[in-house]
2 protein chains.
Amino acid sequence: MTISEENYIKVIYHLSLVSPKGVNTNAIAGMLDTKASSVTDMLKKLSEKELVSYQKYQGVTLTDKGFYSAKMIVRKHRLWEVFLVDKLNFSWDEVHEIAEELEHIKSENLINKLDAFLDFPSFDPHGDPIPNADGEIKKINKLLLSETELNKEYQCVGVKDSSSEFLQYLDKQKIALGSKITVKEKESFDDTLLVQIDSRQLTISNKIANNLYVK
Amino acid sequence: MTISEENYIKVIYHLSLVSPKGVNTNAIAGMLDTKASSVTDMLKKLSEKELVSYQKYQGVTLTDKGFYSAKMIVRKHRLWEVFLVDKLNFSWDEVHEIAEELEHIKSENLINKLDAFLDFPSFDPHGDPIPNADGEIKKINKLLLSETELNKEYQCVGVKDSSSEFLQYLDKQKIALGSKITVKEKESFDDTLLVQIDSRQLTISNKIANNLYVK
DNA sequence: TATTATTTTTAGTTTTGCCTAAATTTTTAG
DNA sequence: CTAAAAATTTAGGCAAAACTAAAAATAATA
Ligand SMILES: [Mn+2]
Ligand SMILES: [Mn+2]
Ligand SMILES: [Mn+2]
Ligand SMILES: [Mn+2]
């Protein structure tokens with residue numbers, strides 16, 4: 001697979017988690033910052049290689065082969081992110097871009113040795129699960145902060161939006177994966193939350209609450 | 001710079017250490033396993049970007065800019081090789097191919113953090129010097145085993161040929177960087193050497209002696 | 001020096017991945 | 001159910017990086 005093909009497969013994977021019936025051409029184009037006509041061209045090629053099932057106008061899904069390939073790319077991406085944060089002391093808002101390049105390095109041996117070196121982590125720095133060498137993914141029951149019950153203690157386990165702006169906001173508010181969070185009050189007018197984080201009180205907008213996973 | 005451009009610059013760098021007057025089109029083609037006509041095309045592009053000085057039929061040399069770029073690619077290649085051997089437990093004959101890919105990862109920040117993580121190594125697993133962040137290279141006075149004096153103790157510091165066949169031969173004979181080597185006798189007919197390595201006696205062909213650096 | 005031989009460049013194609021513009025199909029609304 | 005809107009595909013092209021074949025320049029040699 002070329003780097004371009006890998007990027008398409010990965011995007012189709014991510015989109016198919018949301019629309020399992022079939023992924024739209026325009027959605028793919030949007031994620032890859034390219035044009036729908038280019039996507040159509042690539043879908044034909046991926047279909048030829050039996051990485052996706054594609055009938056024109058009907059959207060696209062991954063074949064088993066494509067699904068496995070996608071998970072291996074995601075595995076590489078997330079393991080490299082762990083390496084960058086845990087070993088090289090990058091902060092969690094700096095690693096995504098670099099991992100976008102590292103995920104295309106070809107050696108399977110490399111990624112398995114990296115996995116061992118990192119002690120077989122199950123989650124990346126953003127709380128996303130890391131597929132193991134067989135493509136199996138550990139699921140956890142997480143929910144958005146906006147969906148939690150009042151006065152019940154949760155633990156922060158991930159982010160939905162992993163843009164550096166959002167991650168830097170969390171850093172500024174000293175909210176990290178592992179932080180204990182309890183929603184004390186919910187303002188019905190705008191869904192703003194009054195929360196207790198570790199031992200601090202904080203007011204959190206609905207937008208934030210919709211992008212923070214807890215369990 | 002594209003990956004292809006980087007590969008050309010790196011090859012021109014290596015060849016120009018041997019032929020500083022100017023590197024031949026065919027020599028470049030040979031190293032990159034491509035055709036002379038493709039090289040000519042690329043030389044025009046690199047010249048356009050002021051990475052090389054090139055006049056047709058006259059061979060090519062790196063500009064200061066090209067020379068610095070080349071050293072940064074070599075720096076990345078060799079640092080990644082150190083990482084693979086020291087941290088991921090690859091053996092020294094397995095790392096070159098993977099480093100050929102890793103050397104094209106773009107972030108300067110990444111490579112400087114990797115450098116720090118590895119404790120600023122000066123030499124890679126094959127004994128080749130690693131340029132620092134400014135492009136400076138630590139030179140050592142090394143010579144080939146075939147050029148040594150009889151009955152004088154040397155230390156193995158590098159390999160000229162770093163093919164896996166040669167490296168695996170050295171592993172088999174338990175010759176590693178750091179090994180103490182003394183040439184006891186030289187057979188004048190075929191230049192075969194009788195050497196003492198650490199505490200063992202060994203007969204070594206001229207071909208081997210011409211590819212092992214000592215100091 | 002004149003003539004080969006070798007090296008290098010030019011000319012013309014190919015493939016990959018992308019683009020714009022136009023045509024087609026599907027979906028949504030009236 | 002039809003007409004407009006939206007989504008998707010086709011057609012035709014472009015740029016990068018490779019190739020082959022042929023031409024031109026340089027180097028080697030008789
Ligand atoms: Mn990421
Ligand atoms: Mn991540
Ligand atoms: Mn190498
Ligand atoms: Mn090396």
Side-chain angles (χ1 to χ4, degrees), chain A residues 1-16 18-62 66 69-70 73 100-101 103-104 106, chain B residues 1-16 18-62 66 69-70 73 100-101 103-104 106:
Chain A
M1 270 205 274
T2 65
I3 289 176
S4 189
E5 287 169 347
E6 289 190 344
N7 283 330
Y8 273 90
I9 288 295
K10 190 181 54 159
V11 159
I12 295 167
Y13 170 80
H14 287 306
L15 290 170
S16 68
V18 182
S19 25
K21 303 277 167 199
V23 175
N24 295 330
T25 301
N26 271 345
I28 298 167
M31 295 277 279
L32 286 170
D33 206 26
T34 184
K35 298 298 155 74
S37 53
S38 305
V39 174
T40 302
D41 285 348
M42 183 59 89
L43 292 183
K44 287 177 187 164
K45 197 197 320 179
L46 294 175
S47 179
E48 201 59 49
K49 294 193 175 186
E50 303 196 296
L51 291 160
V52 302
S53 355
Y54 167 67
Q55 288 146 221
K56 50 172 158 168
Y57 296 105
Q58 300 314 125
V60 69
T61 55
L62 292 171
S69 303
I73 300 165
E100 286 289 302
E101 289 188 60
E103 73 190 4
H104 301 293
K106 288 284 176 288
Chain B
M1 270 207 274
T2 64
I3 289 176
S4 188
E5 287 170 346
E6 289 190 345
N7 283 331
Y8 274 90
I9 288 295
K10 192 182 53 158
V11 159
I12 294 167
Y13 169 80
H14 287 306
L15 290 171
S16 68
V18 182
S19 24
K21 303 278 167 196
V23 175
N24 296 330
T25 301
N26 271 345
I28 298 168
M31 295 277 280
L32 286 169
D33 205 26
T34 184
K35 298 296 155 74
S37 54
S38 307
V39 174
T40 302
D41 286 348
M42 183 57 89
L43 291 182
K44 287 176 186 164
K45 200 202 311 185
L46 294 175
S47 179
E48 202 59 50
K49 295 194 174 184
E50 302 197 301
L51 291 161
V52 301
S53 359
Y54 166 67
Q55 288 145 223
K56 51 171 155 169
Y57 296 104
Q58 299 314 124
V60 69
T61 55
L62 293 170
S69 303
I73 300 164
E100 286 290 302
E101 288 187 62
E103 74 189 3
H104 301 293
K106 288 281 174 292

[X] side chain N/O closer than 4.0 Å to the phosphate oxygens (OP1, OP2) of [N]?
| X | N | answer |
| --- | --- | --- |
| A:Lys35 | C:dT20 | yes |
| A:Ser4 | C:dC18 | yes |
| B:Thr34 | D:dA18 | no |
| B:Tyr54 | C:dT9 | yes |
| A:Lys44 | D:dT10 | yes |
| A:Ser38 | C:dC18 | no |

How many Å lie between [atom1] on [X] and [atom2] on [N], as a whole number?
| X | N | atom1 | atom2 | result |
| --- | --- | --- | --- | --- |
| B:Met42 | D:dA15 | CE | P | 16 Å |
| A:Lys21 | C:dT26 | NZ | C1' | 19 Å |
| B:Lys56 | D:dA23 | NZ | P | 16 Å |
| A:Leu32 | C:dT16 | CG | P | 19 Å |
| A:Asp41 | D:dT9 | CG | C1' | 9 Å |
| B:Tyr57 | C:dT7 | OH | P | 14 Å |
| B:Ile3 | D:dA16 | CD1 | C1' | 13 Å |
| B:Leu43 | C:dT7 | CG | C1' | 13 Å |

If every non-hydrogen atom of [X] is compared with every non-hydrogen atom of [Y], which pair is closest and at what distance?
| X | Y | answer |
| --- | --- | --- |
| A:Pro20 | A:Thr61 | O-CG2, 3.9 Å |
| B:Ala29 | B:Ala36 | CB-N, 3.8 Å |
| B:Ile9 | B:Gly66 | CG2-O, 3.6 Å |
| A:Leu62 | A:Ala70 | CD1-CB, 4.2 Å |

Would you say [X] and [Y] make side-chain contact, with heavy atoms under 4.5 Å?
| X | Y | answer |
| --- | --- | --- |
| B:Leu32 | B:Val39 | no |
| A:Tyr8 | A:Thr34 | yes |
| A:Met31 | A:Ile12 | no |

Identify whether any heavy atom of A:Ser37 sits under 4.0 Å from a base atom; if not, whether one sits that close to sugar-phosphate; answer base, sugar-phosphate or nothing. base
Quick one, which residues of residues 23-31 of chain B touch DNA chain C with a heavy atom under 4.0 Å? B:Asn24, B:Thr25, B:Asn26
More than 12 non-hydrogen atoms from neighbouring residues, nucleotides or ligands closer than 6.0 Å to CD on B:Glu100, yes or no? yes
Quick one, A:Met42 with A:Thr25, criterion side-chain contact (heavy atoms from CB on, under 4.5 Å). Give me CA distance, side-chain angles, the key distance, then yes/no. CA-CA 10 Å; A:Met42 183 59 89; A:Thr25 301; over 6 Å; no
Atom NZ in B:Lys106, atom CD1 in B:Ile3: separation rounded to 0.5 Å? 6.0 Å
What does the 5'-to-3' dot-bracket notation of DNA chain C look like when only Watson-Crick and G-U wobble pairs under 3.5 Å count, and pairs to other strands show as |? ||||||||||||||||||||||||||||||
